[in-house]
Amino acid sequence: MTNRPTDAPAVRYDFLVVGAGTAGAVMAARLSEDGLHRVLLIEAGVDTPPGQIPADIDDTFPSSTLNPAYFWPGLEARMADGREPRPFPQARVMGGGSSIMGMFALRGMPSDFERWRAAGAAGWSWEEARRVYRKIEREPARGEGGDGTTPVTRTSPREWPTFVSALRDAALANGFPYVEDINEAPAEGFFPMPTTRNAEFRSGSARCYLTESVRRRPNLTIMANTVVQRLLFNGRVAIGVECEHGGATMTVLARHVIVSAGAIYSPALLLRSGVGPAQELASIGVKPVVDLRGVGRNLQNHAYQFFALTLPRDKRLAPTLRRFAMAGLRASSKLQDCPPGDLLLFAFGRVSPQPFGTGVAMLGSALYSPFSTGTVTLQAANPQAAPRIDFRMLGDPRDAPRVVMAARLAERLLRDPTVAANYNEAFLLPPGMALNQFNRSGLAGLALAVGAGAALDAPGPLRRFALRHVAGLGRPLAQRRGNDAPSDGELLASIAPMGHPVGTCTMGDARSPSTVVDDAYRVCGVGNLYVVDASVMPVIPSANTHMPTLMLAEHAAERITRDHTHVAPGVMGAA
Ligand SMILES: Cc1cc2nc3c(=O)[nH]c(=O)nc-3n(C[C@H](O)[C@H](O)[C@H](O)COP(=O)(O)OP(=O)(O)OC[C@H]3O[C@@H](n4cnc5c(N)ncnc54)[C@H](O)[C@@H]3O)c2cc1C
């Protein structure tokens, strides 16, 4: 396998961005802003240009998360050693995860960014992260930030299904404060969930950054349906990529290559191109360019589980409201070494875009500051082979007790009489059963929607029979008391990894062998190569990872443009 281009293309870009996800869309828009640097953005998935954004992506209920056309096929992950691999969805579409995700818009806790600095990522602090977040968020409710790129809004408590208001009351009665704006006042408490949407559409990074005026820039080119197979080097300097489009292989040259393929595919691309642990690469036939031990290590993710609740007709979200996340509760385990706000509960008001969807709600519980780490490795050098993902969740002894604490808090609130008066039944769901459990495509989906609608409105015994024996939801929580209550083992067996992988190209002190990028996002040991996406986070934030990734990308764009303003752009236009 060679690492040199095979032919000489006509154009050489100043910046080539691999992946148009949450981070890549920001990078392309910001780096082309000066009108001078020639920028190429390459995305494996379909384009969703303004005016042609599919309805399921625009939907303010995350219908797109149910569309397999927007995901990498065949990707699986092992939650723990010895467990069978299960499907692990990662986005493959313009906007990446921001086009398919659940739209939670959390910034994280101040301690998250202090922990980044402690891990060797110089310059990070809550003040710095907050400065960039304020630049991104367009929050009319805050009476500020009218010019942020990304609308963020909350479902008003007036619109919540009654079980969410009851959860709030129960949380307050249990000593938690009510926090109006969890992003500006990050602390323990019950809060309305900020979401990346406005009343009409999802505010993903494709819509908010790759706008009509950005796409009209003559110095920005966007190539969709194009998969980068590997990076090209001259010695230890990145000079471009080899990619596949419509069955043809092409070489594209660039002065700077920015890898924004996400926390699974960025390390996979680096490894396939010879950037990674040299011995491991040699064993699968990849010629090492640089021996970088940290690539694919330090994989982190949140562990979650769900309780599903069936709701009486008069206690549901209004059917016209296509909403998902309603509210959250941040709590602290207060266990030794564990940061504040390490546990999160979140309440969903509907489980399907179909009319029956408001008849079921969910309460999730999650560990938001895990210590366990895993790996992304290659199974083969062939770009068609899916990378291997081993999360090794609960590998660190500090994690399992906190997973149980979060689930027990959810269970306690659900058993509170104020809350219990607002639902019919509550069930602990098996691992990974969430929206996919309640939705199918095609005829099976229609049959499920009709059947579920009828079952949810049926009299109690019939409803419980259908939920237990047809839907397979098991015994309701209310019937599970004493010895039959969910055991710690059952709670631990019900967890699954969230869609929040980070850390596999970790940012840190360039002198540390585990570091992959320095504080200027440059890959250590190679020239002209950067990684900018969720993979560079040294420690997973106590937040869903879209907003932290968006913030990182804005930060990286500031840094990279500053470092390149002195270079006359476009001078390398002809190869
Ligand atoms: C099901 C799900 C639900 C989620 N819900 C939430 C939520 O509610 N709130 C939240 O904050 N976060 C959520 N997330 C997480 C969030 O979407 C991610 O953290 C975020 O999108 C990461 O951004 P990224 O730029 O690192 O990667 P991505 O957004 O994944 O972008 C990577 C892009 O690179 C492309 N790519 C990869 N390899 C190549 C290649 N070789 N050639 C060309 N293109 C390539 C991919 O197709 C993809 O579009 C969710 C994620 C998932 C999967």
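Just the heavy atoms: all of them, side chains too, but no hydrogens, waters or symmetry mates, feed the values below. Start at 1 and go down the list; that is how both ligands and their atoms are numbered. Computed from a predicted model, the values in this text were never measured in an experiment.
- Residue Met103 touches ligand 1 through its backbone alone, judged by heavy-atom distances below 4.0 Å.
- If you look at Phe306 and Phe348, their ring centroids are closer than 6.0 Å.
- Among all heavy-atom pairs drawn from Val259 and Ser266, the shortest one is CG1-OG, 3.3 Å.
- What sits closest to atom 42 (N) of ligand 1 on the protein, heavy atoms only, is Val228 N, 2.9 Å.
- Using a 4.0 Å cut-off between heavy atoms, Ser260 contacts ligand 1 through its backbone alone, with no side-chain atom that close.
- No N or O atom of Gly45 sits closer than 3.5 Å to an N or O atom of ligand 1.
- Between Thr22 and ligand 1, a contact under 3.5 Å exists for at least one N or O pair.
- Ionic pairing of Glu137 and Arg107 is present here: one or more N-O contacts between side-chain nitrogen and carboxylate oxygen are shorter than 4.0 angstrom.
- Not one N or O of Phe71 is nearer than 3.5 Å to an N or O of ligand 1, by distance alone.
- Counting heavy atoms under 4.0 Å from ligand 1, residue Thr65 touches it through the side chain alone.
- For atom 3 (C) of ligand 1, the choice among Met101, Glu244, Met94, Glu43 with the nearest heavy atom turns out to be Met101.
- Listed by atom number, the atoms of ligand 1 under 4.0 Å from Thr545 heavy atoms are 10 (C), 11 (O), 12 (N), 15 (C), 18 (C), 19 (O).
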Can you give the donor-acceptor pairs under 3.5 Å from side chains of residues 376-386 to other protein atoms, not counting sequence neighbours?
residue, atom, partner, partner atom, Å
Gln379, NE2, Ala386, O, 3.0
Asn382, OD1, Gln384, N, 2.7

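- Taking every non-hydrogen atom of Ala534 and a distance limit under 4.0 Å, the qualifying atoms of ligand 1 come out as 26 (O).
- In this structure, Phe324 and Phe61 have perpendicular ring planes: the angle between them is above 60°, well past the 30° mark.
- A salt bridge links Glu242 with Arg230: at least one charged nitrogen is closer than 4.0 Å to a carboxylate oxygen.
- Nearest to atom 10 (C) of ligand 1 among the protein's heavy atoms is Asn544 CB, 3.2 Å.
- The side chain of Thr549, and not its backbone, has at least one atom closer than 4.0 Å to an atom of ligand 1 (non-hydrogen atoms only; side chain from C-beta on).
- Among protein heavy atoms, atom 34 (O) of ligand 1 sits closest to Gly19 CA, 3.3 Å.
- We find that Arg207 and Glu200 are not joined by a salt bridge, their nearest charged nitrogen and carboxylate oxygen being 4.0 Å or further apart.
- For Phe104, heavy-atom contacts with ligand 1 shorter than 4.0 Å involve the backbone as well as the side chain.
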_One pair to check against side chain to side chain donor-acceptor pair (under 3.5 Å): Thr149 and Tyr209. What are the steps and the verdict?_
CA-CA 7 Å; Thr149 54; Tyr209 284 85; 2.8 Å; yes

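- Interface atoms of ligand 1 facing Gly97, defined by a heavy-atom separation under 4.0 Å, are 17 (O), 21 (O), 28 (P), 29 (O), 30 (O).
- Contact analysis leaves Leu269 out of contact with ligand 1, as no non-hydrogen atom separation drops below 4.0 angstrom.
- Using a 4.0 Å cut-off between heavy atoms, Pro89 contacts ligand 1 through its backbone alone, with no side-chain atom that close.
- Scanning all protein heavy atoms for the shortest distance to atom 31 (O) of ligand 1 gives Gly21 CA, 3.2 Å.
- For Trp72, the heavy-atom gap to ligand 1 drops under 4.0 angstrom.
- Across the listed options Ala268, Ala261, Pro62, Ala261 owns the non-hydrogen atom lying nearest to atom 37 (C) of ligand 1.
- Residues Asp58 and Arg202 are not paired through a salt bridge, judged by the lack of any N-O separation under 4.0 Å between the basic side chain and the carboxylate.
- Ionic pairing of Arg330 and Asp342 is not present here: no N-O contact between side-chain nitrogen and carboxylate oxygen is shorter than 4.0 angstrom.
- At least one N or O atom of His546, backbone or side chain, sits closer than 3.5 Å to an N or O atom of ligand 1.
- Counting heavy atoms under 4.0 Å from ligand 1, residue Ala91 touches it through the backbone alone.
- In the vicinity of Val227, heavy-atom distances shorter than 4.0 Å reach the ligand 1 atoms 41 (N), 42 (N).
- Ion pairing between a basic and an acidic side chain is recognised when a charged N comes within 4.0 Å of a carboxylate O; Glu558 and Lys135 show such pairing.
- In this view, Glu33 and Arg30 satisfy the salt bridge (charged side-chain N to carboxylate O under 4.0 Å, His left out) rule, not counting sequence neighbours.
- For ligand 1, the atoms lying closer than 4.0 Å to a non-hydrogen atom of Ile100 are 1 (C), 2 (C), 52 (C), 53 (C).
- Gly499 O, 3.3 Å is the protein heavy atom nearest to atom 15 (C) of ligand 1.
- Between Asp59 and Arg322, at least one side-chain N (NZ, or NE/NH1/NH2) sits under 4.0 Å from a carboxylate O, which counts as a salt bridge.
- Salt bridge status for Glu159 with Arg323: present, with a side-chain N to carboxylate O gap under 4.0 Å.
- Checking only distances, Ala44 does come within under 3.5 Å of ligand 1, N or O to N or O.
- At a 4.0 Å heavy-atom cut-off, ligand 1 touches Thr226 through the backbone alone.
- Interface atoms of ligand 1 facing Ala23, defined by a heavy-atom separation under 4.0 Å, are 25 (O).
- The shortest N or O to N or O distance between Ser535 and ligand 1 is not below 3.5 Å.
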_Is there a side chain to side chain contact (heavy atoms under 4.5 Å, CB included) between Val228 and Leu269? Walk through the geometry before answering._
CA-CA 8 Å; Val228 172; Leu269 180 59; 4.0 Å; yes

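- Between Phe88 and Phe391, the distance separating the two ring centers is shorter than 6.0 angstrom.
- The closest donor-acceptor contact from the side chain of His256 to the backbone of Asn528 lies at 3.5 Å or more, if one exists at all.
- Of the protein's heavy atoms, Gly262 CA, 3.4 Å lies nearest to atom 27 (O) of ligand 1.
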